[in-house]
Amino acid sequence: MKRTLLVTMTVAALMAFLPQEANAQFFKKLGKALEKVDKALDSVVGDTNAKETATAKQATTATATQATAAAATIKAGAKPFKGVWYSDELHLNIDFYNNSIPNPMSMDEEPCPGLITLMSANGSTSYDITEAKISGSKAICKTSDDSAVTMVLQADRTMKVTLPEMLLISVKENKTFKGDYIVKRGGPFAGIWTFKGNGSEGMLELDLYGKSVVDESDGTVNMCYGKISVCYGMNIDNCIITKWTEEGNKATVTFTGGRDGGIHKAMLTYNPANGKISVSDVTDVSDCSECYVTDGMVFSKNR
């Protein structure tokens with residue numbers, strides 16, 4: 001349509017300046033010239049359309065690949081909207097199938113579909129999820145402050161989380177979160193495990209992926225990756241996990257001993273069959289006194 005209009009306007013402009021007797025010869029030459037212009041325009045438009053078509057096909061293929069991968073995951077019996085998902089700024093602990101996540105915002109930690117925690121160097125703010133609906137590879141949930149959050153599984157096994165305007169409140173500085181965030185799925189090292197036997201008892205509290213465990217060992221509130229607490233009668237060793245590396249069902253943690261501040265390392269091995277975590281390869285990194293965390297301890301999943 002645009003091309004026809006351009007040609008018509010060009011012809012009209014030229015006609016205005018031609019004498020009547022030259023019309024026949026002019027139209028003969030003009031016709032040949034327009035044929036060349038028409039072929040050239042067809043070539044340009046054809047190339048443009050081809051590029052647009054190729055781009056559209058690529059986008060359609062990418063979308064189809066993502067949908068296929070997500071569908072295959074769900075068809076295989078996996079429950080993607082369950083467990084820990086995390087990034088440096090966002091931490092999710094969710095169970096949209098059984099609503100089994102303890103809600104710290106309630107009086108008795110009543111179970112809920114999950115928690116969304118916004119994170120920064122200055123602190124974190126958690127929002128509890130009140131309801132969630134799953135549709136294939138997509139889930140839409142609502143928080144207690146009526147924020148609507150969308151979660152979509154990606155082809156690379158990450159998840160895109162779209163947040164409305166949500167606020168992280170901290171003592172130093174508040175921060176607004178809004179838009180798309182990519183989170184990856186955490187392994188099994190998040191939750192609480194307990195130990196009892198041989199005259200001792202203990203608790204293993206972990207969140208290697210979100211650094212959401214509260215540490216008050218120095219009298220102030222700090223966040224850490226986890227705590228290993230072991231008690232022999234009145235003697236307590238409350239160890240704070242400061243670093244970690246994970247490979248499958250094994251995690252090597254570095255922790256600070258609660259008795260004298262010594263640095264230690266240990267291997268934590270998760271058993272998927274019974275949910276227990278065993279401790280091995282406890283070593284001293286710095287010169288320090290005996291640590292109460294020892295090889296052979298087995299912690300059972302509490303929640």
Side-chain angles (χ1 to χ4, degrees), residues 83-94 101-105 109 114-127 168-173 175 183-195 201-231 235-247 249-270 277-286 288-289 291-294 297 299-303:
V84 172
W85 292 80
Y86 72 102
S87 68
D88 290 339
E89 296 184 296
L90 198 62
H91 181 270
L92 310 178
N93 187 11
I94 57 176
I101 307 301
N103 184 357
M105 271 70 87
E109 293 196 340
L115 300 171
I116 299 174
T117 301
L118 313 178
M119 304 176 66
S120 74
N122 296 323
S124 63
T125 298
S126 294
Y127 292 83
L168 183 159
I169 302 173
S170 67
V171 175
K172 294 183 179 180
E173 182 183 11
K175 181 179 178 180
V183 294
K184 57 184 178 181
R185 190 161 196 171
F189 298 102
I192 295 177
W193 289 257
T194 55
F195 162 81
E201 57 183 315
M203 183 170 71
L204 179 61
E205 188 175 0
L206 296 175
D207 184 2
L208 299 188
Y209 319 102
K211 203 175 184 179
S212 64
V213 178
V214 177
D215 166 32
E216 298 179 289
S217 57
D218 63 356
T220 61
V221 176
N222 300 295
M223 309 308 292
C224 66
Y225 295 114
K227 295 188 293 187
I228 310 175
S229 302
V230 181
C231 174
N235 299 314
I236 300 175
D237 197 357
N238 191 31
C239 305
I240 307 302
I241 297 174
T242 56
K243 298 178 182 179
W244 63 276
T245 58
E246 179 189 24
E247 185 174 349
N249 290 333
K250 295 180 181 292
T252 299
V253 296
T254 300
F255 57 92
T256 303
R259 301 177 65 201
D260 62 0
I263 308 301
H264 310 268
K265 279 188 176 182
M267 175 78 76
L268 304 180
T269 302
Y270 176 80
I277 291 180
S278 58
V279 179
S280 63
D281 300 333
V282 178
T283 56
D284 297 336
V285 177
S286 62
C288 54
S289 61
C291 179
Y292 285 176
V293 179
T294 58
M297 288 183 167
F299 291 81
S300 299
K301 189 69 181 283
N302 183 275
R303 69 166 187 251

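In what follows, residues are counted from 1 in the order of the sequence shown. Keep in mind that this is a model prediction, so the values were computed, not measured.
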Engineer: Answer yes or no: is there a donor N or O on one side and an acceptor on the other, between the side chain of Asn103 and the main chain of Met105, under 3.5 Å?
Structural biologist: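 Yes; judged by distance alone, with no hydrogens or angles, the pair exists.
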
Engineer: Going through the checks in order, is the side-chain contact (heavy atoms from CB on, under 4.5 Å) test met by Leu92 and Thr117?
Structural biologist: CA-CA 6 Å; Leu92 310 178; Thr117 301; over 6 Å; no

Engineer: Is it true that the side chains of Asn222 and Thr220 contain a donor and an acceptor less than 3.5 Å apart?
Structural biologist: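 Their side chains do contain a donor-acceptor pair, which is all the 3.5 Å distance test asks for.
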
Engineer: Quick check: closest heavy atoms across Leu115 and Pro104, and the distance to 0.1 Å?
Structural biologist: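 Heavy atoms only, the tightest pair is CD1-CD, 3.7 Å.
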
Engineer: Taking atom OG1 of Thr125 and atom CE of Met119, what is their separation to the nearest 0.5 Å?
Structural biologist: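 CE of Met119 is found 11.0 Å from OG1 of Thr125.
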
Engineer: According to salt bridge (charged side-chain N to carboxylate O under 4.0 Å, His left out), who are the partners of Lys211, at least two apart in sequence or on a separate chain?
Structural biologist: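 With neighbours one apart ignored, the set is empty.
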
Engineer: Does CD belonging to Glu173 count more than 12 external heavy atoms closer than 6.0 Å?
Structural biologist: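 For Glu173, atom CD is not crowded (no more than 12 foreign heavy atoms under 6.0 Å).
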
Engineer: Residues in ring-ring contact (aromatic ring centres under 6.0 Å, His included) with Tyr127, at least two apart?
Structural biologist: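 With sequence neighbours excluded, Tyr127 shows a ring-ring contact (aromatic ring centres under 6.0 Å, His included) to no residue whatsoever.
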
Engineer: Which is it for Ser229 and Cys239 under the side-chain contact (heavy atoms from CB on, under 4.5 Å) test, yes or no, and what are the steps along the way?
Structural biologist: CA-CA 6 Å; Ser229 302; Cys239 305; over 6 Å; no

Engineer: Using modelled atom types only, decide if a donor and an acceptor are shared between the side chain of Asp207 and the backbone of Ala190 within a distance under 3.5 Å.
Structural biologist: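 No; zero donor-acceptor contacts below 3.5 Å.
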
Engineer: Around atom CG of Asp88, are there more than 12 heavy atoms of other residues, nucleotides or ligands at under 6.0 Å?
Structural biologist: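 Count not over threshold, so no.
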
Engineer: For Lys250, look at atom NZ and say whether over 12 heavy atoms of other residues, nucleotides or ligands are found less than 6.0 Å away.
Structural biologist: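 Atom NZ in Lys250 is not crowded, with 12 or fewer foreign heavy atoms closer than 6.0 Å.
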
Engineer: For Tyr292, check ring-ring contact (aromatic ring centres under 6.0 Å, His included) against everything at least two apart and list the hits.
Structural biologist: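 Partners of Tyr292 under the ring-ring contact (aromatic ring centres under 6.0 Å, His included) test: Tyr232.
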
Engineer: Under the side-chain contact (heavy atoms from CB on, under 4.5 Å) criterion, do Ile263 and Thr254 qualify, and how do the steps go?
Structural biologist: CA-CA 7 Å; Ile263 308 301; Thr254 300; 3.7 Å; yes

Engineer: For Ser124, give me all partners under side chain to side chain donor-acceptor pair (under 3.5 Å), at least two apart in sequence or on another chain.
Structural biologist: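 Listed in chain order: nothing, the list is empty.
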
Engineer: Excluding sequence neighbours, so at least two apart, what forms side-chain contact (heavy atoms from CB on, under 4.5 Å) with Cys224?
Structural biologist: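 With neighbours one apart ignored, the set is Val213, Asp215, Lys227, Ile240.
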
Engineer: Does Lys175 reach the side chain of Leu118, with side-chain heavy atoms less than 4.5 Å apart?
Structural biologist: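 They are not in side-chain contact.
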
Engineer: Less than 4.5 Å apart, any side-chain heavy atom of Ile241 and any of Leu206?
Structural biologist: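 Counting from C-beta outward, Ile241 and Leu206 do come under 4.5 Å.
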
Engineer: Can you list everything that forms a ring-ring contact (aromatic ring centres under 6.0 Å, His included) with Tyr209? Sequence neighbours excluded, please.
Structural biologist: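 Listed in chain order: Tyr86, Trp244.
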
Engineer: What are the two closest heavy atoms between Phe189 and Leu268, and how far apart are they?
Structural biologist: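 The answer is CZ-O, 3.7 Å.
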
Engineer: Decide yes or no for Met297 and Ile277: does some side-chain heavy atom of the first lie under 4.5 Å from some side-chain heavy atom of the second?
Structural biologist: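 A side-chain contact under 4.5 Å is absent here.
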
Engineer: Please answer whether the main-chain N or O of Thr245 pairs with a side-chain N or O of Thr252 as donor and acceptor at a distance below 3.5 Å.
Structural biologist: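 Side chain of Thr252 to backbone of Thr245: no pair is present.
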
Engineer: Show your reasoning for whether side-chain contact (heavy atoms from CB on, under 4.5 Å) applies to Ile116 and Leu90.
Structural biologist: CA-CA 7 Å; Ile116 299 174; Leu90 198 62; 4.0 Å; yes

